[in-house]
Protein chains: 2
Amino acid sequence: MTVKITDVARHAGVSPSTVSYALSGKRPISAETRARVAASIRELGYRPHAGARALASSKSNVLAMVVPLRAGIHVPVVMGFAVSVVTSARAHDHDVLLVTQEEGEEGLRRVADSALVDALIVMDVQLDDPRLPLLRTLDRPSVLIGFPSAADGLTCIDLDFRAAGEVCVDHLAGLGHRVVGLIGSPPEVYVRQTSFAQRVLQGFTAAATRHGMTSTVHPCEATPAAAREVAERLLREHPALTGVVVHNEAVLDPLLDAFEHLGLRIPADLSITALCPDDLATSLRVPLTSVAIPSAELGEQAVNLLMRKLDGAPVPEATLLPAHLTPRASTTHRLTG
Amino acid sequence: MTVKITDVARHAGVSPSTVSYALSGKRPISAETRARVAASIRELGYRPHAGARALASSKSNVLAMVVPLRAGIHVPVVMGFAVSVVTSARAHDHDVLLVTQEEGEEGLRRVADSALVDALIVMDVQLDDPRLPLLRTLDRPSVLIGFPSAADGLTCIDLDFRAAGEVCVDHLAGLGHRVVGLIGSPPEVYVRQTSFAQRVLQGFTAAATRHGMTSTVHPCEATPAAAREVAERLLREHPALTGVVVHNEAVLDPLLDAFEHLGLRIPADLSITALCPDDLATSLRVPLTSVAIPSAELGEQAVNLLMRKLDGAPVPEATLLPAHLTPRASTTHRLTG
DNA sequence: CTGAAAGCGCTAACAT
DNA sequence: ATGTTAGCGCTTTCAG
């Protein structure tokens, strides 16, 4: 039926173990045999049976990726991350099993304890995530995207969201702005203590304080209607406002729109900086000065960390990707009038 | 180390096969033994080894899901579908392996021939998809989302996009509109012959012709800027236009905006129907009359089809989910005057 | 540098 | 209704 390693061995005139070693490179094989084996494999169309391999080697070469489904997360960012994880995993000869957040701790336990996967990547980690104790005791390595409040014994990676919040404010301060607002993620994101939103907030507030600026914060639902409302309220309550930081990918376009409706030109009357993927920042009517959310790099680095852990190499507990601000057309000097 | 089936057997005072059968239900077990086995399993925290199971049973209980990455597809729709597939698969005790479109035919062959997966779900199928011949010869069942031009020997499922296009036009015709426009997907979607876009177009055109309406078609990039441009051109070139059908989730809000800017009230001056997920239709400033893109139902049905095929049951080659139009605030009678 | 053979943990005949 | 046992296809000692 399907061709197996003994078929290849016979065809190449070697033993099964030689085929196995030729494939894994775990012991020296003469160039000649290796070539014969390779030829037989190609000719017969041999594919090692994944299950048999997993059983014999106790390695499935599969990673679990736990993706969030909940409200308030920006879907394209998740998707970009997921794709990058799969691509990076493939570069390391691993596959990726998709696990939904919904499955909770039981889901993690299931895929880990059944040896379906060798390691896990967990997205959207909360400050006090119920899965942390489990991840610590699981006998398989894991990498978290995001930082819980107690990250000891775990491996975490994320964009440096605090620095991202700061650098946006620093940029506005450097342009002479004195009154700034943060238009943030939907309220539920703060309520459930997702760390990245909090960290942006901290960075924003800290930098504003450091610069002696007046600052205000407004969470915002991910709908155009909410965007319009927040824009209006912001201007009404803070007439002196000349700079805003937006950490909410879903409402960027509606916000631009709303500010325009309210008679403000961007950046002449109002400077805007955003935290969002670069392609979004550049596709809007006014290209936005922004700090990029580097999904692809995040996914790749998460996989790299996991691979090193699987190799038994030590990795840092915390990895923060630096926040880089790219100035574009949406920010300029405050008009002194 | 980790507990195995023989440990459970010993602990319960039965043979390994009894544990196996108690788990699979493939042969009658007395209520008493079943209870003892269940207790031992719980007590010892036993999880069958996935690889061993796959090897012995030649069933991995894993499905491959091939997701598109390319431009022009609406990410939330893909994500919703993916989540629904995973959830449905779990309900059938299966897991889902994520495969990127990028891996192409080789990727399909790899996961199928290595017995990593039992079956495949392939999204974003093109009219002349290069993977079709492979899928036909693969010894594992598959289900395609979308309809290629030659679907014989394959199992396909999708929303009835043609009917969706028609029903939108029918609705507008019923309201007295005589000049209608289709604002479609990005040009690249048509160029690469993705079937759903073409089918909407056919339905739209056919219905317009049937009703004796004047119709026009405009593909549209998925950016706000493109939306504004298309809106303007549409009105300039077709001043008598009173109804539009939008098949492009990404530009719905910008379009509403643009039409408003151009002095049109919706629906008083212009009626709009959309093809998009329901939650999008209802979250816009004007709730849109729309035909829902039922990602969740599609995912669930795709998995159901696959499960039936895995059970050796016959399934229809083609499954079209009916297109339902939900009237909302964005359409009304044409003003006669 | 290569072979032989012992499992890996489970399922599914084949028994009874 | 349950037990015994022979593999499933591969990796990895152990030998040479």
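Each chain gets a letter, A, B and so on, in the order the sequences are listed, and its residues count up from 1.
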A.B. asks: What are the two closest heavy atoms between A/Asn61 and A/Asp93, and how far apart are they?
C.D. replies: ND2-O, 3.0 Å
A.B. asks: With a 4.5 Å limit on heavy-atom distance, are the side chains of B/Ser84 and B/Ser295 in contact?
C.D. replies: no
A.B. asks: Can you find a side chain N or O atom of B/Thr33 that sits less than 4.0 Å from OP1 or OP2 on D/dT2?
C.D. replies: yes
A.B. asks: If you measure from the Lys or Arg side-chain nitrogens to the Asp or Glu carboxylate oxygens, is any gap between A/Asp311 and A/Arg308 under 4.0 Å?
C.D. replies: no
A.B. asks: Tabulate protein N/O versus nucleotide N/O from nucleotides 11-13 of chain D, keeping only pairs under 3.5 Å, one per line.
C.D. replies:
| unit_1 | atom_1 | unit_2 | atom_2 | d |
| --- | --- | --- | --- | --- |
| D/dT11 | OP1 | A/Arg53 | NE | 2.7 |
| D/dT11 | OP1 | A/Arg53 | NH2 | 3.3 |
| D/dT11 | OP2 | A/Ser20 | OG | 2.8 |
| D/dT12 | OP2 | A/Lys26 | NZ | 3.1 |

A.B. asks: Could you state the CG-P distance from B/Asp7 to C/dC10, rounded to the nearest angstrom?
C.D. replies: 9 Å
A.B. asks: Quick check: are there more than 12 heavy atoms from other residues, nucleotides or ligands sitting under 6.0 Å from CD of B/Glu102?
C.D. replies: no
A.B. asks: Check whether any side-chain heavy atom of B/Phe81 sits under 4.5 Å from a side-chain heavy atom of B/Ile121, and report yes or no.
C.D. replies: yes
A.B. asks: I'd like to know if B/Glu106 pairs up with A/Arg47 as an ion pair, taking the criterion as any Lys NZ or Arg NE/NH1/NH2 lying under 4.0 Å from an Asp or Glu carboxylate oxygen.
C.D. replies: yes
A.B. asks: Would one find a side-chain N or O of B/Ser30 under 4.0 angstrom from OP1 or OP2 of D/dT2?
C.D. replies: yes
A.B. asks: Rounded to whole angstrom units, what separation is found between the CZ atom of A/Arg36 and the P atom of C/dC1?
C.D. replies: 14 Å
A.B. asks: Quick one: bend of the helix from C/dC1-D/dG16 to C/dT16-D/dA1 from 5 pairs per end, to 10°?
C.D. replies: 30°
A.B. asks: Would you mind checking if A/Asp7 and A/Arg10 are paired as a salt bridge, meaning a charged N to carboxylate O distance below 4.0 Å?
C.D. replies: yes
A.B. asks: Round to the nearest Å and state the distance from A/Arg10 atom CZ to C/dG3 atom P.
C.D. replies: 14 Å
A.B. asks: Side chain of A/His49, heavy atoms from C-beta onward: which of D/dG3, C/dC8, D/dC10 has the nearest atom to it?
C.D. replies: D/dC10
A.B. asks: Atom CG of A/Leu55 to atom P of D/dC10: distance rounded to whole Å?
C.D. replies: 12 Å
A.B. asks: To the nearest 0.5 Å, what is the distance between CG on A/Leu310 and NE2 on A/His94?
C.D. replies: 6.0 Å
